[in-house]
Amino acid sequence: MPHATHILTNCRLATMVGSHINDLGLIDDAALVWQGQTIQWVGPRSNLPTPWPQAAQMHDGQGALVTPGLIDCHTHLVYGGDRADEFGMRLHGASYEDIAKAGGGIASTVKATRAANSDDLLGQSLPRLDALLADGVTTIEIKSGYGLSLVDERKCLQVARKLAQARGVQVRTTFLGAHALPPEFTARADNYIEVVVDMMPHLHEEGLIDAVDVFCERIAFDLTQTKQVFDAAQALQLPVKLHAEQLSDSGGAALAARYGALSCDHLEWLSTSGAKAMAQAGTTAVLLPGAFYFLRETRVPPVDLLRQHGVPMAISTDCNPGSSPCTSLLLMLSMACTLFRLTPEEAVCGVTRHAARALGLADRGQLQAGMRADLALWNVPHPTHLCYNFGSHPLKHRVHAGHWPSTGD
Ligand code: DI6
Ligand code: FE
């Protein structure tokens with residue numbers, strides 16, 4: 001049976017298409033046509049060919065603003081337990097790094113994640129996913145990294161895939177075996193990296209890995225260890241990304257750029273040479289204002305430097321229990337503007353067009369013929385409102401893979 005054709009009118013489109021990397025591509029009184037899960041036509045309603053060649057279902061946008069479905073390109077959404085106790089400890093004076101060094105931090109989430117079975121993990125992760133979907137998210141990246149053994153990493157990646165089946169959302173999985181040193185490898189980081197390298201082909205063969213990431217930091221893995229993981233990824237033709245320069249300038253961004261990384265993420269301590277290397281390699285910068293806020297960092301990522309070198313900036317939640325227990329991508333838009341001084345145009349492009357790029361996905365993040373029909377319809381007049389109001393819930397409808405929500409959705 002041919003796929004149904006849909007025509008949406010009475011709306012303002014923010015297509016994110018334009019000659020400048022941060023163009024909103026606004027079209028007033030627009031029409032958008034899709035068939036199945038693919039956009040066929042986008043433009044002013046007055047230019048819409050009529051009658052449309054196929055019978056079509058008509059949808060009244062009721063004056064909504066329509067953007068591409070949002071993309072949360074950096075999350076650690078699958079984990080067991082929480083770290084509210086550590087939040088309390090930090091308010092009593094301990095630092096994030098102190099807690100990590102004392103065996104808390106990521107290690108405590110690893111313990112809770114290992115103890116949970118798949119169903120528990122799915123049950124704990126679904127409400128977090130649902131909150132993101134209620135913010136108009138249609139694609140989400142989920143990293144492993146709280147299992148840190150073959151069975152537990154597999155379990156987390158499988159849960160990530162199951163989340164996609166449970167809800168109308170696309171999930172991209174990233175293998176972050178090199179997130180932290182598991183307790184059984186204390187003082188044996190090099191041995192653990194060998195284990196990570198060994199896990200990779202198995203998980204890849206099972207179809208569980210779309211990209212590979214490393215936490216390159218003084219409290220995690222160094223440049224040499226990062227390189228070993230990247231070499232293994234490259235041998236499997238898997239794209240890489242990196243948690244780079246979050247707490248110090250470790251030179252991770254330049255290394256990742258040498259591997260043609262899709263993205264370098266965090267980047268508060270990024271140097272000029274790191275930014276240049278990213279620009280040359282076409283690597284996207286993923287900024288994570290939730291982690292900056294929650295850890296009370298004071299050094300903002302060098303946004304002017306990234307602008308100067310034309311490095312596209314994506315924005316994401318970093319949803320995780322330790323440094324960003326956040327499930328609102330819209331809140332990140334507000335924080336990216338207020339804390340990092342991004343313009344609203346940059347911020348909205350950062351959760352659409354540039355977030356797609358950070359995941360290596362060329363078929364979404366913009367509204368134009370040939371792209372996926374992933375849409376978010378908003379009860380606001382202009383994209384700036386998505387950044388300006390914080391704590392509000394302006395989503396009207398979410399269309400994933402062309403599925404118009406039925407009444408009551
Ligand atoms: N950087 C982060 O901000 C998170 N992981 C990482 O590599 C923190 C994860 C956690 O504290 O549980
Ligand atoms: Fe992260």
Listed partners of His6 passing side-chain hydrogen bond (donor to acceptor under 3.5 Å, both in side chains), at least two apart: His59

Residues in side-chain hydrogen bond (donor to acceptor under 3.5 Å, both in side chains) contact with Arg296, at least two apart in sequence or another chain: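 So Arg296 forms no side-chain hydrogen bond (donor to acceptor under 3.5 Å, both in side chains) with any residue.
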
Residues [X] and [Y]: side-chain donor-acceptor under 3.5 angstrom:
| X | Y | result |
| --- | --- | --- |
| Glu217 | Ser248 | yes |
| Arg364 | Thr139 | yes |
| Asp98 | Ser95 | yes |

Nearest heavy-atom neighbours spanning Gln246 and Ala291: NE2-CB, 4.4 Å

Side chain [X], main chain [Y], donor-acceptor under 3.5 Å:
| X | Y | answer |
| --- | --- | --- |
| Asp213 | His243 | yes |
| Ser324 | Asn320 | no |
| Arg172 | Ala211 | no |
| Arg161 | Gly207 | yes |
| Glu86 | Arg83 | no |

Test side chain to side chain contact (heavy atoms under 4.5 Å, CB included) applied to Leu70 and Ile315, Leu329, Leu133, Ile140, the passing residue: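 Testing each of Ile315, Leu329, Leu133, Ile140 against Leu70, the sole residue satisfying side chain to side chain contact (heavy atoms under 4.5 Å, CB included) is Leu329.
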
Electrostatic pair Glu141:Lys143 at N-O distance under 4.0 angstrom: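 Looking at Lys143 together with Glu141, the answer is yes, because their closest N to O distance falls below 4.0 Å.
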
Salt bridge present between Arg167 and Asp130 (N-O < 4.0 angstrom):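 Asp130 and Arg167: salt-bridged.
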
For [X], which residues count as a side chain to side chain contact (heavy atoms under 4.5 Å, CB included) partner, sequence neighbours excluded?
| X | result |
| --- | --- |
| Ala31 | Thr9, Trp41, Arg45, Leu48 |
| Ala254 | Ala277 |
| His20 | Asn22, Asp23 |
| Leu150 | Arg154, Met199, His202, Leu203 |

Please output the side-chain donor-acceptor pairs of residues 190-197 that fall under 3.5 Å, not counting sequence neighbours, one pair per line with the distance.
unit_1 : atom_1 : unit_2 : atom_2 : d
Asp190 : OD1    : Gln225 : NE2    : 2.9
Tyr192 : OH     : Gly177 : O      : 2.7

Ring pair (Phe, Tyr, Trp, His ring centres under 6.0 Å) pairs, two or more places apart, involving residues 312-333: none

Salt bridge (Lys or Arg N to Asp or Glu O under 4.0 Å): pairs with one or both residues in residues 104-129, sequence neighbours excluded: Arg114-Asp152, Arg114-Glu184

CZ (Arg188) with more than 12 external heavy atoms under 6.0 Å: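 Atom CZ in Arg188 is packed in, count exceeds 12.
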
Phe292 vs Phe340, ring-ring contact (aromatic ring centres under 6.0 Å, His included): CA-CA, chis, key distance, verdict: CA-CA 10 Å; Phe292 172 89; Phe340 294 170; 5.0 Å; yes

I'd like a table of donor-acceptor pairs (distance under 3.5 Å, sequence neighbours excluded) in which one partner is a side-chain atom from residues 227-242, with atom names and distances.
unit_1 : atom_1 : unit_2 : atom_2 : d
Asp231 : OD1    : Tyr259 : OH     : 2.7
Lys241 : NZ     : Ser263 : OG     : 2.9
Lys241 : NZ     : Ala358 : O      : 2.8

Would you give me the side-chain donor-acceptor pairs under 3.5 Å for residues 365-383, sequence neighbours excluded?
unit_1 : atom_1 : unit_2 : atom_2 : d
Gln366 : NE2    : Met16  : O      : 2.8
Arg372 : NE     : Asp374 : OD2    : 2.8
Arg372 : NH2    : Asp374 : OD1    : 3.3
Arg372 : NH2    : Asp374 : OD2    : 3.4
Arg372 : NH2    : His400 : NE2    : 3.3
Asp374 : OD1    : Ala401 : N      : 2.7
Trp378 : NE1    : Thr67  : OG1    : 2.9
His382 : ND1    : Thr384 : N      : 3.0
His382 : ND1    : Thr384 : OG1    : 3.1

Residues forming a ring-ring contact (aromatic ring centres under 6.0 Å, His included) with Phe390, sequence neighbours excluded: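 Here no residue qualifies.
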
